[in-house]
Participant: 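Quick one: this structure, given as structure tokens, is what I'll be asking you about.
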Amino acid sequence: MKKILLSAILLGFIYSPVNADTVRMGTEGAYPPYNFINDNGEIDGFERDLGDELCDRAGLDCEWVQNDWDSIIPNLVSGNYDTIIAGMSITDERDEVIDFTQDYLPPDPSAYITTGDGNKAAYIGVVAAQTSTIQASHVAESGAILVEFATPDETISALRNGEVEAVMADKAFLAPIVAESNGDFKFIGKDVFIGGGVGMGIRESDSDLKDTFNAAIDSMKDDGSLNDLIKKWFGEDASIY
Amino acid sequence: MICESTIELYSLRSLGIGEKLLPKSDITLCDQFVLIGSGIIWNMYFCIIALSLGFIFAISTAIIRNNKYPFISKAIEIYVFVFRGSPLFIQFFCAYELFVLFPKIGIDINLIFTTVTFQTGWLTKAWLGALFVLFLNTTAYSSEIFYGALKSIPKQDIDAANAFGLSNLRKYKKIIIPTMLRNSWASYTNEAIFLFHATTLVFFSSFPAWSQSGDALYYASYFADKTFNPFIPYPIIAAYFIFITLLIILIFKIINVYFNKHLPRERKSSIRFLSNYMR
Amino acid sequence: MFEFCSDPSTLSTFDWFSCYLTNGKHIQFYKSFGLIILLLVLTAPLALMLGLAAAVAIKSNFFLLRLISKTYANIVRGIPDIIFFLFIPITIDQLIEFTRHKIKCPEIIDSVWQGNDFIVCSVAKLPLSSSPQWIHDMYGFSLAILSFTIVYGAFAANTFHGAINSVPRSQIDTGKAFGMNKKQIYFSIIFPQMWRYALPGLSNLWMLLIKSTPLLFLLGIQDIVFWAREIGGSKTSIFQYPHPDWRVWYFLSLLVFYLLLTKISEIALNRVSKKLYLPI
């Protein structure tokens with residue numbers, strides 16, 4: 001106890017100039033093209049561009065923080081960062097715990113992929129999805145056997161290695177993987193719409209920050225720059241505002 | 001009875017029996033107790049099977065190593081070094097990545113009366129793959145413990161056995177192995193506890209959970225994520241672990257009494273968890 | 001790193017790899033090995049001190065102190081360390097912030113727990129949200145060190161407790177007969193001799209500590225496991241260096257790193273114990 005208090009006092013002296021406008025942006029960094037860690041080890045992707053632009057418009061000083069997906073909401077709630085900007089779909093379940101800004105991506109279809117030679121309705125069988133995603137809940141409820149992985153990349157490896165019969169994820173994440181697989185992977189079944197668009201997650205007690213970002217997203221929607229950004233990262237066919 | 005309906009729905013959930021969907025909202029203490037307890041089944045399964053198989057293999061490898069056969073003793077030494085010298089966590093990662101590289105065909109094993117098809121694909125599933133890694137791991141640690149005990153058996157004991165004209169087999173059965181076990185039982189008890197604790201790593205390394213069936217820590221972290229309150233599930237799982245650890249100590253103490261029953265009172269060794277007996 | 005790396009897709013295999021293995025991501029991966037060493041170097045002495053303090057406290061005359069230290073020393077036997085690591089950092093973090101909140105913002109009477117949120121006033125935040133990222137990293141790392149110290153301090157307490165008890169009783173009685181007080185007995189009889197008995201256990205503990213360092217990964221720190229998984233995963237052409245799933249190679253390299261670390265430690269510890277003429 002003494003030790004804990006002692007370190008509390010010691011750490012209390014680590015100060016830096018107080019600048020109230022620093023906002024810490026939490027992201028996963030493993031979900032291209034939404035967000036990923038590029039070859040220089042920096043956060044990159046659609047959400048990096050978007051977040052920087054939003055902060056610029058709102059006059060905020062933004063700092064990027066990488067955090068694993070499975071603990072991304074708990075760490076927002078406990079205050080390790082101030083926003084989640086990680087391709088997170090707005091769902092009722094999440095909305096009970098945190099608040100969301102308005103969506104900055106229109107409702108995005110989820111899809112199944114399977115290996116090239118499979119033509120049965122594979123998503124009835126064994127489906128991989130990332131832990132605590134809307135797709136994981138969907139698969140669990142659909143009657144298929146859900147196999148959970150901590151990162152999206154592991155789900156793809158599992159399909160390639162024949163561990164699972166299909167992967168379910170956001171279509172925008174799967175599209176480049178299918179395109180570059182030389183026919184190894186293909187989409188199967190219909191697109192599924194779950195969740196209501198992608199928004200930034202913000203603590204429920206932080207309504208000022210939410211308003212600030214809502215206004216910034218509005219201004220990007222109004223002048224069309226958000227659509228340009230979506231096209232840049234998700235291709236010309238992506239659904240826009 | 002309290003929690004009756006939850007027990008009915010979830011007590012065997014970790015085996016895939018019972019309610020298909022995990023509780024998502026309005027999570028009660030009952031849910032947490034029952035599901036985490038259900039996950040303990042996996043921890044016990046890993047621990048009991050790995051430990052029993054490991055026990056037999058550890059004794060054999062320790063004896064082979066002690067007899068200094070030219071190549072095989074060296075091979076065992078290297079195997080023990082690799083598994084004792086690296087973290088189990090990394091071993092799980094490596095093993096999983098290697099297992100997925102195996103072709104997914106079944107290997108037929110002919111058992112004279114019947115043919116069993118061994119699916120190499122099973123190795124990537126926790127119930128076999130993780131068990132296999134845990135088995136290799138505990139065998140290495142136990143083998144080192146037993147090897148140390150073998151080395152310290154007094155030469156006179158063996159000379160006495162030779163003087164009685166005991167055959168090699170009887171010498172091992174009656175003198176060497178019992179002495180070895182008696183002398184190393186305290187460290188082996190600790191190894192059992194460490195192994196039981198190590199089973200929590202399975203679903204945190206590479207092995208994926210199928211149909212949301214996982215071990216106790218899988219459910220504890222599930223609840224911590226869902227309720228955003230780590231202060232309930234983790235103490236619950238800690239309580240389960242303390243309870244079972246005490247149970248392991250009790251069982252090993254009873255076995256220890258059996259080992260020592262022929263000795264005069266003042267030479268009976270009681271298991272005291274001496275501080276330098278660690279993994 | 002090298003000038004010819006500007007367009008990796010045109011490179012030959014050898015050049016491609018020399019560029020790939022020196023890109024920014026890999027440099028961060030290499031640096032994270034230093035983090036493991038730093039963790040070991042900082043945790044070991046802290047855990048020793050905590051363990052020694054707890055071992056002395058177990059022998060104290062105060063019932064409460066004895067009870068607390070005994071519970072503390074024994075708890076690591078019952079609970080897997082991974083559970084501690086998932087639990088301790090967040091507990092300490094909230095405890096510190098709660099304390100700072102009470103001191104710095106006494107005017108706020110609302111509870112810090114509102115629904116799911118844990119809210120302290122912004123000046124009580126640690127680190128302050130305006131602090132640069134390295135301070136946040138350092139804070140997270142300090143919490144990790146503290147967690148490792150707490151767990152391994154308990155192991156060390158057991159080792160020291162055993163070692164203190166192994167110091168021959170007659171020597172302590174002799175000390176008493178000479179009229180030494182408790183402090184003198186500890187400092188001139190017990191502590192100097194205790195090491196002899198404690199060293200085998202402490203060597204073992206050091207090995208145990210080395211082998212638990214990958215658990216840093218679970219504390220959300222970008223350690224070697226994080227980078228191995230991140231860099232090794234398959235990469236599409238959105239990255240400069242697309243490649244299939246290479247995680248197995250990265251994890252095998254971690255395995256080799258740990259084998260080297262434990263082998264070197266083993267040789268060094270054997271030398272120390274031989275120097276001190278210790279039985280192993």
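Below, chains carry the letters A, B, ... as their sequence lines are ordered, and counting in each starts from 1.
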Participant: Within this structure, what is the CD1-NZ distance for the pair A:Ile37 and C:Lys235, rounded to the nearest 0.5 Å?
Facilitator: 8.5 Å
Participant: Less than 4.5 Å to any heavy atom of chain C: does that hold for the side chain of A:Ser71, its backbone, both, or neither?
Facilitator: neither
Participant: Heavy-atom pairs under 4.5 Å with chain A are the metric here; pick the option from C:His136, C:Glu230, C:Gln28 that has the most.
Facilitator: C:His136
Participant: Check residues 51-59 of chain C and write down every donor-acceptor pair under 3.5 Å in which the side-chain atom is one partner and the other belongs to a residue at least two apart or another chain.
Facilitator:
unit_1, atom_1, unit_2, atom_2, d
C:Lys59, NZ, C:Asn165, OD1, 2.8

Participant: Roughly how far, to the nearest 0.5 Å, is OG1 of A:Thr114 from OH of A:Tyr112?
Facilitator: 11.5 Å
Participant: Within the structure provided, determine whether A:Tyr31 and A:Asp170 are in side-chain contact (heavy-atom separation under 4.5 Å).
Facilitator: yes
Participant: Side chains of C:Tyr20 and C:His243: donor-acceptor distance under 3.5 Å anywhere?
Facilitator: yes
Participant: Which bit of C:Gln133 comes within less than 4.5 Å of chain A, counting heavy atoms only: side chain, backbone, both or neither?
Facilitator: both
Participant: Please classify the contact of A:Arg24 with chain C as side chain, backbone, both or neither, using a heavy-atom distance under 4.5 Å.
Facilitator: side chain
Participant: Relative to chain C, which segment of A:Glu42 carries a heavy atom at a distance below 4.5 Å: side chain, backbone, both, or neither?
Facilitator: neither
Participant: Salt bridge or not for A:Asp49 and A:Lys232, using N-O below 4.0 Å?
Facilitator: yes
Participant: Can you tell me which portion of A:Pro33 sits under 4.5 Å from chain C's heavy atoms? Options are side chain, backbone, both or neither.
Facilitator: both
Participant: Chain C heavy atoms under 4.5 Å from A:Thr151: which part of the residue, side chain, backbone, both or neither?
Facilitator: side chain
Participant: When the ring centroid of C:Phe239 is compared with that of A:Phe36, is the distance short of 6.0 Å?
Facilitator: yes
Participant: Which value, rounded to the nearest 0.5 Å, describes the distance between A:Thr27 atom OG1 and A:Trp69 atom CH2?
Facilitator: 9.0 Å
Participant: Between C:Arg247, C:Gln94, C:Gln222, C:His26, which residue shows the highest count of heavy-atom pairs closer than 4.5 Å to chain A?
Facilitator: C:Arg247
Participant: Between C:Gln240 and chain A, with a heavy-atom cut-off of 4.5 Å, which part of the residue counts as in contact: side chain, backbone, both or neither?
Facilitator: both
Participant: With a 4.5 angstrom heavy-atom cut-off, which part of A:Asp68 approaches chain C: side chain, backbone, both or neither?
Facilitator: side chain
Participant: Heavy-atom count check: over 12 atoms from other residues, nucleotides or ligands less than 6.0 Å from C:Lys125 NZ?
Facilitator: yes
Participant: So which residue, A:Leu76, A:Asp44, A:Asn38, ends up with the most heavy-atom pairs under 4.5 Å with chain C?
Facilitator: A:Asn38
Participant: Considering only heavy atoms, which portion of C:Asp137 lies under 4.5 Å from any heavy atom of chain A: side chain, backbone, both, or neither?
Facilitator: neither
Participant: Out of A:Asp39, A:Asn40, A:Asn80, return the one with the most heavy atom pairs under 4.5 angstrom to chain C.
Facilitator: A:Asp39
